Trainee: 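Below: one structure in structure tokens.
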Amino acid sequence: AFGNIYEKKAIDYFDHDEFKMSEGKVSSHDIVFTKNNVELKVEVKSDRLSYKTGNLCIEVESNGVLSGISVTEADFWLYFVINPNGENTIYKIPIDILWELTNRFINNYRFGGYKRLSKMVLIPTMLLHEYIV
């Protein structure tokens with residue numbers, strides 16, 4: 001439910017003629033925007049700890065199976081860093097940049113999520129200032 005709130009907010013950050021939210025549990029993207037008959041797939045993430053840690057948390061596998069960025073078909077990730085004081089930061093990151101950084105920091109990972117089964121690469125937000133919306 002928390003993530004759905006930010007998926008709906010993501011609609012405001014992409015120029016589009018129309019959009020379609022993914023239905024069910026689609027792991028490759030959350031929204032498809034269409035502008036001038038060109039599709040753009042977007043993955044939306046919302047994170048309540050990044051404001052403390054100074055890292056974006058990028059999932060690469062879960063329970064030993066590739067997931068997250070490893071299976072995405074998205075062209076962009078829209079990443080909401082949620083700060084309880086209301087000063088949220090939003091990153092609009094092209095997937096090729098996110099892949100490059102994920103590979104660069106692949107050894108900087110943690111396990112978390114449900115039963116700590118998800119492997120997540122930590123990327124310092126200080127490297128992403130140019131992608132702040």
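We number each residue from 1, following the sequence as shown. These figures come from a predicted structure and were not determined experimentally.
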Trainee: Look at the side-chain heavy atoms of Ile, Leu, Val, Met, Phe, Trp and Tyr, link any pair under 4.5 Å apart, and say whether Trp77 and Ile5 land in one connected group.
Mentor: no

Trainee: Are more than 12 heavy atoms, taken from residues, nucleotides or ligands other than Asn85, located less than 6.0 Å from that residue's CG atom?
Mentor: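 Atom CG in Asn85 is packed in, count exceeds 12.
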
Trainee: Could you check, using the six-membered ring where one of them is a Trp, whether Tyr131 and Tyr91 have ring centers closer than 6.0 angstrom?
Mentor: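 No, too far apart.
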
Trainee: So do the side chains of Val32 and Leu40 get within less than 4.5 Å of each other, counting heavy atoms only?
Mentor: no

Trainee: Using the rule that two of Ile, Leu, Val, Met, Phe, Trp, Tyr join whenever any of their side-chain heavy atoms come within less than 4.5 Å, decide whether Leu66 and Ile95 are in one cluster.
Mentor: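 Not linked; separate clusters.
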
Trainee: Is a side-chain N or O of Asn83 found less than 3.5 angstrom from the main chain of Asn88, in a donor-acceptor match?
Mentor: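 Side chain of Asn83 to backbone of Asn88: no pair is present.
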
Trainee: Please check: side-chain N/O of Lys92 versus main-chain N/O of Tyr13, any donor-acceptor pairing under 3.5 Å?
Mentor: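 Judged by distance alone, yes, a pair lies under 3.5 Å.
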
Trainee: If you round to the nearest 0.5 Å, how far is CD1 of Ile106 from CG of Leu101?
Mentor: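 Taking CG in Leu101 and CD1 in Ile106, the distance rounds to 11.5 Å.
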
Trainee: Verify, without hydrogens or angle tests, whether Tyr79 (side chain) and Cys57 (backbone) share a donor-acceptor contact under 3.5 angstrom.
Mentor: yes

Trainee: Is the side chain of Asn36 donor-acceptor paired with the backbone N or O of Val38 at a distance under 3.5 Å, no angle test?
Mentor: no

Trainee: Identify whether the distance between the nearest side-chain nitrogen and carboxylate oxygen of Lys45 and Glu43 falls below 4.0 Å.
Mentor: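 The answer is yes: the pair qualifies as a salt bridge.
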
Trainee: Identify the residue among Ile123, Val81, Leu98 that makes a side-chain contact (heavy atoms from CB on, under 4.5 Å) with Leu128.
Mentor: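 For Leu128, the side-chain contact (heavy atoms from CB on, under 4.5 Å) check succeeds only for Ile123.
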
Trainee: Please check if the side chain of Ser28 supplies one atom and the backbone of Glu73 the other of a donor-acceptor pair under 3.5 Å.
Mentor: no

Trainee: To the closest 0.5 Å, what do you measure between CG (Leu117) and NZ (Lys119)?
Mentor: 13.5 Å

Trainee: May I ask you to test the Asp47-Phe80 pair for a side-chain heavy-atom distance under 4.5 Å?
Mentor: no

Trainee: Please check if the side chain of Ser118 supplies one atom and the backbone of Ser62 the other of a donor-acceptor pair under 3.5 Å.
Mentor: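 The answer is no, because no donor-acceptor pair under 3.5 Å joins these two groups.
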
Trainee: Under 4.5 Å between any side-chain heavy atoms of Phe105 and Pro124, yes or no?
Mentor: yes

Trainee: Quick one, Val42 and Val44 - any side-chain contact, counting heavy atoms below 4.5 Å?
Mentor: yes

Trainee: Using a 3.5 Å distance criterion without hydrogens, assess whether the side chain of Asn108 forms a donor-acceptor pair with backbone atoms of Leu122.
Mentor: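 Side chain of Asn108 to backbone of Leu122: a pair is present.
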
Trainee: Going hydrophobic residue to hydrophobic residue with side-chain gaps under 4.5 angstrom, can you get from Tyr6 over to Phe14?
Mentor: yes

Trainee: How about Lys9: does its NZ atom have over 12 heavy atoms from other parts shown lying under 6.0 Å from it?
Mentor: no

Trainee: Mind checking whether Glu7 and Met21 have side chains closer than 4.5 Å, heavy atoms only?
Mentor: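 When only atoms from C-beta onward are counted, Met21 and Glu7 do touch, with a gap below 4.5 Å.
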
Trainee: Considering only heavy atoms from C-beta outward, does the side chain of Val60 approach that of Thr102 to under 4.5 Å?
Mentor: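 They are in side-chain contact.
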
Trainee: For Ser22 and His29, indicate whether the former's side chain and the latter's backbone hold a donor-acceptor pair under 3.5 Å.
Mentor: yes

Trainee: With a 4.5 Å heavy-atom cut-off, do Leu56 and Ile93 have their side chains touching?
Mentor: yes

Trainee: Can a side-chain donor-acceptor contact be found between Ser67 and Glu61 if the only test is distance below 3.5 angstrom?
Mentor: no

Trainee: If Ile, Leu, Val, Met, Phe, Trp and Tyr residues are connected whenever their side-chain heavy atoms lie under 4.5 Å apart, and connections chain through other members, are Trp99 and Ile97 in the same group?
Mentor: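 Linked, Trp99 and Ile97 end up in one cluster.
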
Trainee: Would you say Tyr51 has more than 12 foreign heavy atoms packed within less than 6.0 Å of its OH?
Mentor: yes

Trainee: Find out whether Thr89 and Ile132 are in side-chain contact, i.e. whether some heavy atom of one side chain is under 4.5 Å from a heavy atom of the other.
Mentor: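 Thr89 vs Ile132: side chains touch.
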
Trainee: Hey, is the main chain of Met120 close enough, under 3.5 Å, to the side chain of Arg110 for a donor-acceptor pair?
Mentor: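 Side chain of Arg110 to backbone of Met120, a donor-acceptor pair under 3.5 Å: no, none is there.
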
Trainee: Hey, could you give me the NZ/CD1 distance between Lys41 and Ile31, rounded to the nearest 0.5 Å?
Mentor: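 Output value for this atom pair is 13.5 Å.
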
Trainee: I'd like to know if Lys35 and Asp15 make a salt bridge, using a cut-off of under 4.0 Å between side-chain N and carboxylate O.
Mentor: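 Yes, charged N to carboxylate O under 4.0 Å.
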
Trainee: Mind checking the CZ-CZ spacing from Arg116 to Phe111? Nearest 0.5 Å is all I need.
Mentor: 9.0 Å

